[in-house]
Amino acid sequence: MDIGILKLEDFNFIKIKNSDEVTMKLKDLKALILKHNNEIREILFAMEMERRSEELDKGLGEEHSLEEMKKMLEEIKRL
């Protein structure tokens, strides 16, 4: 099992038409997502935590306890 970031060979089924248009078969996209599901979830969780941190810094969000954050993480993991 490979653990880590996506590699260039993971994208060998993407066809680049021009700088604005890229095509890919949905079955290939699905295979890529399933292959790297855990890494994708971790990235999405990190992005959400960064967004919430920025909101707190601006005084826009609400603080959560460590237990609340753990519950949120479990909810994200179940998706």
Before giving the answer on salt bridge (charged side-chain N to carboxylate O under 4.0 Å, His left out), spell out for E67 and K71 the whole-Å C-alpha distance, their side-chain angles and the decisive distance to 0.1 Å. CA-CA 6 Å; E67 287 303 315; K71 287 178 186 177; over 6 Å; no

A quick test of your reading: do over 12 heavy atoms of other residues, nucleotides or ligands sit less than 6.0 Å from CG of L34? yes

Could you work out, with side-chain contact (heavy atoms from CB on, under 4.5 Å) as the rule, every residue matching E54, not counting sequence neighbours? E50

Is L56 reachable from F45 through a run of hydrophobic residues whose side-chain heavy atoms are each under 4.5 Å from the next? no

With sequence neighbours left out, which residue pairs that include part of residues 19-30 fulfil the salt bridge (charged side-chain N to carboxylate O under 4.0 Å, His left out) condition? K17-E21

side-chain hydrogen bond (donor to acceptor under 3.5 Å, both in side chains) partners of E55, counting only residues at least two apart: R51

Passing candidate, side chain to side chain contact (heavy atoms under 4.5 Å, CB included) with H36, options I40, N38, I33: I40

